[in-house]
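Below you'll find the structure, written out as structure tokens, and then a few comments.
Below, all heavy atoms of this structure are taken into account, side chains as well, without hydrogens, waters or symmetry copies. Indexing begins at 1, ligand by ligand and atom by atom, following the structure's order.
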Amino acid sequence: MLRLNGHPSGRHFLQIPGPTNVPDRILRAMDHPTIDHRGPEFQAMALKVLRDVRQVFQTVQPVVIYPSSGTGAWEAALVNTLSPGDRVLMVETGHFATLWKKIAEKIGLKPEFIVGDWRRGVDVAAVEARLREDKGQAIKAVCVVHNETSTAVTSDIAGVRRAIDAAKHPALLMVDTISSLGSIDYRHDEWGVDVTVGGSQKGLMLPPGLSFNAISEKALAASKSSTLIRSYWSWEEQLAMNANGWFPYTPATNLLYGLSEAVDMLMEEGLATVFARHARHAEATRRAVRAWGLELLCVNPAEYSNSLTAVLMPAGHDADAFRKVVLTKFNMSLGQGLTKVAGKVFRIGHLGDFNDLSLIGTLGGVEMGLAVAGVPHKVGGTQAAMDYLKSVASGGAQAHARAAE
Ligand SMILES: *Cc1c(COP(=O)(O)O)cnc(C)c1O
């Protein structure tokens, strides 16, 4: 039974891979009376946040901020750059790639899907081969998910860029970074990405409600001649208004205060340190999973995600029954398996506002939950994670940071 009555003491452990735990500093930054979004105080804040948020995308190009969930930014990326009937090449890394493809279909594009088995990232060679075949350059965009949150698999975006260049193909490159931004190294400019899609509620440590498009010059040029219908999502008005610190419609004022604080926090820690921290927690988690004798969904070590881990349940055991035990007994939410892997997989989110001890609490809850739910496993996963974190803390740290680069 869920304990619905009474207040459980201590903090809830929100260890789904987003939304993530919102740190007190961000909660306080948002705890303001809402101000006039046409007034000078707002303008100064907006100019700062529109400038600084670019650092998180590792870009000097404009970033548009929508008051929407990430799904809106997916649609925005497509409707601003493409025309009805355009072909787009997408890759079935998992649930989120599939949802993005469905949007492409609904708005009148012709997506081609490179099928996948939900255990690997983007097959860069397959992308290159398909683009080489496309002599007439009918494909207008390649759209991929950097960190596939349904499978805990991270794809090689620099590799996708090289594949497009090797095929000498002019297609735009669009990348969903909703569960990697601010957690896993991502470089909009250096990797030649044309539109980067982001969301507020994962690595950025904010509540849900903001989404992002980082826009290259090439994407902006494409938007001038593309003809898909757009109004709310249109970059043109956003960019014109943003230049002076304004928005074309009421922005999510208080979330923008939170975003400003989140960017400050990431920059104070330093992106390299943030990425190394996520790599450390991901490695510790994988060591725990192996010690439990359980299997990772991701089959390629080069593609292990640093923001979450997806774990296969032993045959005959339901992941959702296990997650329910963890929630009721230990007040922790774990991520469910989505669509194709429903009931077969549970996901441990270790991204955002997180440290070594929050990870040990999380893994302790998983390990106790496995025992209480009667899931066959070996004890000692949490200990294996502690051993790893101890070794990093007592000098392996520099070696670890180098390894994470
Ligand atoms: C969470 C997530 C989304 C969906 O974002 P919403 O905010 O729920 O619309 C899309 N892509 C990825 C990779 C995600 O992790």
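Residue N147 has at least one heavy-atom neighbour below 4.0 Å for each of these atoms of ligand 1: 13 (C). Atom numbering of ligand 1 starts at 1 in the shown order; those under 4.0 Å from a heavy atom of T71 are 6 (P), 9 (O). Listed by number with element, the atoms of ligand 1 under 4.0 angstrom from any heavy atom of S69 are 6 (P), 7 (O), 9 (O).
Side-chain polar atoms of T34 and T253 form no donor-acceptor pair below 3.5 angstrom.
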- Message: Apply side chain to side chain donor-acceptor pair (under 3.5 Å) to residues S260 and K48 and explain how you reach the verdict.
- Response: CA-CA 8 Å; S260 175; K48 175 204 177 277; 2.8 Å; yes

- Could you please spell out the steps behind the side chain to side chain donor-acceptor pair (under 3.5 Å) verdict for N21 and Q15? CA-CA 8 Å; N21 297 287; Q15 299 320 131; 3.1 Å; yes

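Here the straight-line distance linking atom OG1 of T151 with atom CD of E303 works out to 9.0 Å at 0.5 Å rounding.
When each of V79, N242, V195 is checked for a side-chain contact (heavy atoms from CB on, under 4.5 Å) with W235, only V195 meets the rule. Considering D123, V124, L131 in turn, L131 is the only one that fulfils the side-chain contact (heavy atoms from CB on, under 4.5 Å) rule with V127.
Residue-level proximity to ligand 1 for I178 is carried by the side chain, the only part with a heavy atom below 4.0 angstrom.
No N or O atom of W74 sits closer than 3.5 Å to an N or O atom of ligand 1.
Ligand 1 lies nowhere less than 4.0 angstrom from a heavy atom belonging to W100.
The nearest heavy-atom contact from the protein to atom 15 (O) of ligand 1 is T149 OG1, 2.4 Å. Atom 11 (N) of ligand 1 has D176 OD2, 2.6 Å as its closest protein atom, hydrogens excluded (heavy atom only). Of all protein heavy atoms, the one closest to atom 4 (C) of ligand 1 is F96 CE2, 3.9 Å.
Around atom 6 (P) of ligand 1, the closest heavy atom drawn from S307, G94, S200, G70 belongs to G70. Remark: among candidates E148, H146, Q201, K202, the nearest residue to atom 2 (C) of ligand 1 is K202, based on non-hydrogen atoms.
Here Y186 and H146 bring their ring centres to under 6.0 angstrom of each other.
Taking the six-membered ring where tryptophan is involved, the planes of Y66 and W233 are perpendicular, since the angle between them exceeds 60° and thus also 30°.
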